[in-house]
K.L.:
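This is the structure, below, for whatever I ask next.
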Amino acid sequence: MIHLISDLHLSPDDDALFHRFTTYLSSLTPSDFLYILGDLFEYWLGDDAAEFLGQRPVEEALARLTANGTKVWLMRGNRDFLAGTDFADRCGVGLLEDEHILQMGDHRILLMHGDSLCTDDLEHQAFRSLVRTDVWQQTFLAKSVPERDAMARAVRYRSENGKVAKTIEIMDVTQPAVEAVMHQHQVRLLIHGHTHRPAIHQLALSGPQSGHRIVLGDWATGPSSICIHASHLELRHDTKADALYF
């Protein structure tokens with residue numbers, strides 16, 4: 001069975017959240033497939049900083065899961081875009097590009113983190129374009145881990161303060177961006193996270209069939225996940241569940 005999660009924002013300061021995560025992992029079987037669509041961590045400073053960040057227990061939990069046979073893929077989000085091959089090798093997970101096609105029989109499903117779709121948030125898009133460049137990442141990773149941590153904390157502080165002045169609409173995805181990326185990949189089903197607004201949205205796309213955009217929630221109050229069956233998928237968030245039949 002295929003499972004999808006996103007936006008856990010794991011931090012060593014939140015034991016309850018880590019317990020929810022490990023409890024969820026224990027429910028998976030060796031025949032399952034798990035896709036993590038970004039922001040697994042609250043923030044990530046580079047693969048050499050896992051010990052400094054207190055995130056070794058997360059790596060160990062994932063390593064146990066994959067060693068047991070469960071296949072796991074990670075898509076990097078706006079909080080953990082620096083996750084690289086060393087981290088992936090330690091955990092036994094695969095890394096996905098920002099836009100990944102999941103083929104389910106005749107169905108093509110586009111998987112994204114989702115922040116690139118928030119095109120009205122110009123400040124975020126400018127920052128995203130900067131930090132995704134090789135030059136910026138090489139310069140940042142050349143600094144000591146404490147220096148990186150100080151820079152990241154300053155950016156996060158400004159980001160959290162900036163959210164106060166932004167409307168929910170600015171921080172949400174835009175319809176033109178959604179339609180453009182779905183048209184580009186010729187899909188009628190898009191799954192993403194980032195906005196923390198779990199829902200199944202029906203879309204009016206070109207052609208005789210409608211499309212759907214499904215949003216995963218964050219894990220602040222409880223697990224949020226998608227489980228894909230042969231005939232349908234279920235979006236589960238806290239104690240609620242919604243279904244979409246193919």
Side-chain angles (χ1 to χ4, degrees), residues 1-11 14-42 58 61-62 65-66 68-75 77 79 93 96 100-115 117-118 168 171-173 175 178 181-182 187-205 209-246:
M1 196 169 295
I2 294 177
H3 305 263
L4 301 99
I5 59 177
S6 182
D7 297 277
L8 282 80
H9 296 271
L10 293 170
S11 166
D14 194 335
D15 292 335
L17 176 58
F18 180 70
H19 178 69
R20 287 197 289 273
F21 174 60
T22 54
T23 299
Y24 174 80
L25 294 187
S26 68
S27 71
L28 303 178
T29 72
S31 61
D32 284 333
F33 300 83
L34 175 64
Y35 290 81
I36 306 171
L37 302 188
D39 286 3
L40 174 63
F41 299 105
E42 176 64 12
V58 177
L62 287 172
L65 180 69
T66 56
N68 195 41
T70 304
K71 301 295 188 296
V72 180
W73 285 269
L74 173 72
M75 179 177 290
R79 298 294 189 105
V93 309
L96 299 178
H100 177 78
I101 295 295
L102 176 61
Q103 191 76 41
M104 286 283 299
D106 295 333
H107 301 286
R108 286 166 50 85
I109 305 173
L110 175 59
L111 307 181
M112 301 179 67
H113 175 60
D115 64 318
L117 301 172
C118 302
I168 292 177
M171 294 187 291
D172 202 356
V173 304
Q175 188 68 14
V178 168
V181 76
M182 294 181 72
V187 299
R188 293 192 172 273
L189 179 55
L190 164 64
I191 297 175
H192 69 83
H194 180 65
T195 62
H196 301 183
R197 302 174 72 181
I200 298 178
H201 300 277
Q202 186 168 352
L203 306 173
L205 301 174
Q209 295 178 314
S210 62
H212 291 87
R213 176 174 67 90
I214 304 180
V215 189
L216 282 157
D218 67 298
W219 283 49
T221 58
S224 181
S225 65
I226 289 174
C227 185
I228 302 181
H229 304 266
S231 61
H232 68 286
L233 61 77
E234 289 181 331
L235 170 64
R236 303 167 182 167
H237 186 73
D238 292 342
T239 58
K240 302 176 182 178
D242 294 300
L244 173 67
Y245 288 84
F246 301 129

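Position 1 is the first residue of the sequence; numbering continues from there.
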K.L.:
For the atom pair CD (E234) and NE2 (H3), what is the distance rounded to the nearest 0.5 Å?
P.N.:
10.5 Å
K.L.:
Atom CD1 of I36 and atom CG of L111: how far apart are they, to the nearest 0.5 Å?
P.N.:
12.5 Å
K.L.:
So I101 and L110, do their side chains get closer than 4.5 Å, heavy atoms only?
P.N.:
yes
K.L.:
So which heavy atom on Q202 is nearest to which on S210, and how close?
P.N.:
NE2-OG, 3.2 Å
K.L.:
I want to check something: taking the side chain as every heavy atom from C-beta on, are V215 and P198 in contact at a cut-off of under 4.5 Å?
P.N.:
no
K.L.:
Which is it for L189 and L233 under the side-chain contact (heavy atoms from CB on, under 4.5 Å) test, yes or no, and what are the steps along the way?
P.N.:
CA-CA 11 Å; L189 179 55; L233 61 77; 4.1 Å; yes
K.L.:
Would V173 and R213 count as a side-chain contact (heavy atoms from CB on, under 4.5 Å) if you check the C-alpha gap in whole Å, the side-chain angles of each, and the deciding distance to 0.1 Å?
P.N.:
CA-CA 11 Å; V173 304; R213 176 174 67 90; 3.4 Å; yes
K.L.:
Considering all heavy atoms of both residues, which atom of L205 and which atom of R188 are nearest to each other, and what is their separation?
P.N.:
CB-NH1, 3.4 Å
K.L.:
With distance as the sole test, does D7 use its side chain to make a donor-acceptor pair with the main-chain N or O of G217 at under 3.5 Å?
P.N.:
no
K.L.:
From R197 CZ over to H237 NE2, what is the distance, rounded to the nearest 0.5 angstrom?
P.N.:
12.5 Å
K.L.:
Side-chain contact, heavy-atom cut-off 4.5 Å: L17 with S11?
P.N.:
no
K.L.:
Return a table of donor-acceptor pairs under 3.5 angstrom between the side chains of residues 26-33 and protein atoms on other chains or two or more places apart.
P.N.:
{"from": "S26", "atom 1": "OG", "to": "T23", "atom 2": "O", "distance (Å)": "2.5"}
{"from": "S27", "atom 1": "OG", "to": "Y24", "atom 2": "O", "distance (Å)": "2.5"}
{"from": "T29", "atom 1": "OG1", "to": "S31", "atom 2": "N", "distance (Å)": "3.4"}
{"from": "T29", "atom 1": "OG1", "to": "S31", "atom 2": "OG", "distance (Å)": "3.0"}
{"from": "T29", "atom 1": "OG1", "to": "D32", "atom 2": "OD2", "distance (Å)": "3.2"}
{"from": "D32", "atom 1": "OD1", "to": "M1", "atom 2": "N", "distance (Å)": "3.3"}
{"from": "D32", "atom 1": "OD2", "to": "T29", "atom 2": "N", "distance (Å)": "2.8"}

K.L.:
Shortest non-hydrogen contact from H232 to A243?
P.N.:
CD2-CB, 4.4 Å
K.L.:
Taking Q103 for its side chain and G105 for its backbone only, find out whether a donor-acceptor pair lies under 3.5 Å.
P.N.:
yes
K.L.:
M112 and side-chain contact (heavy atoms from CB on, under 4.5 Å): which single residue from L37, V181, L96 fits?
P.N.:
V181
K.L.:
Looking at D39 and R79, what are the two nearest heavy atoms and their distance?
P.N.:
OD1-N, 2.7 Å
K.L.:
Mind checking the CG-NE2 spacing from L216 to H196? Nearest 0.5 Å is all I need.
P.N.:
10.5 Å
K.L.:
Is the shortest side-chain heavy-atom distance between H192 and H113 below 4.5 Å?
P.N.:
no
K.L.:
Would you confirm whether R20, through its side chain, and W219, through its main-chain N or O, come within 3.5 Å as a donor-acceptor pair?
P.N.:
yes
K.L.:
Tell me every residue that passes side chain to side chain contact (heavy atoms under 4.5 Å, CB included) with H107, counting only those two or more places apart in sequence or in another chain.
P.N.:
M104, F246
K.L.:
Quick one: are L102 and I191 in side-chain contact, heavy atoms under 4.5 Å?
P.N.:
no
K.L.:
Please name the residue in the list S225, S224, P223 that meets the side-chain contact (heavy atoms from CB on, under 4.5 Å) test with I5.
P.N.:
S225
K.L.:
Using 30° and 60° as the class limits, which term best fits the ring planes of F21 and F18: parallel, tilted or perpendicular?
P.N.:
tilted
K.L.:
Between I109 and I228, is any pair of side-chain heavy atoms under 4.5 Å apart?
P.N.:
yes
K.L.:
For a side-chain contact (heavy atoms from CB on, under 4.5 Å) with V93, tell me which candidate from T66, T70, L40 qualifies.
P.N.:
T66
K.L.:
Show the nearest heavy-atom pair for residues S6 and G38, with the distance to one decimal.
P.N.:
OG-O, 3.5 Å
K.L.:
Could you check whether any side-chain heavy atom of H100 comes within less than 4.5 Å of a side-chain heavy atom of Y35, counting everything from C-beta outward?
P.N.:
yes
K.L.:
Considering only heavy atoms from C-beta outward, does the side chain of L34 approach that of L65 to under 4.5 Å?
P.N.:
yes
K.L.:
With side-chain contact (heavy atoms from CB on, under 4.5 Å) as the test, would you mind laying out the steps for L203 and Q175 before giving the verdict?
P.N.:
CA-CA 9 Å; L203 306 173; Q175 188 68 14; 3.8 Å; yes
K.L.:
Checking D14 against E42 for the side-chain contact (heavy atoms from CB on, under 4.5 Å) test, could you report, in this order, the C-alpha distance in whole Å, the side-chain angles of both residues, the deciding distance, and whether it holds?
P.N.:
CA-CA 11 Å; D14 194 335; E42 176 64 12; over 6 Å; no
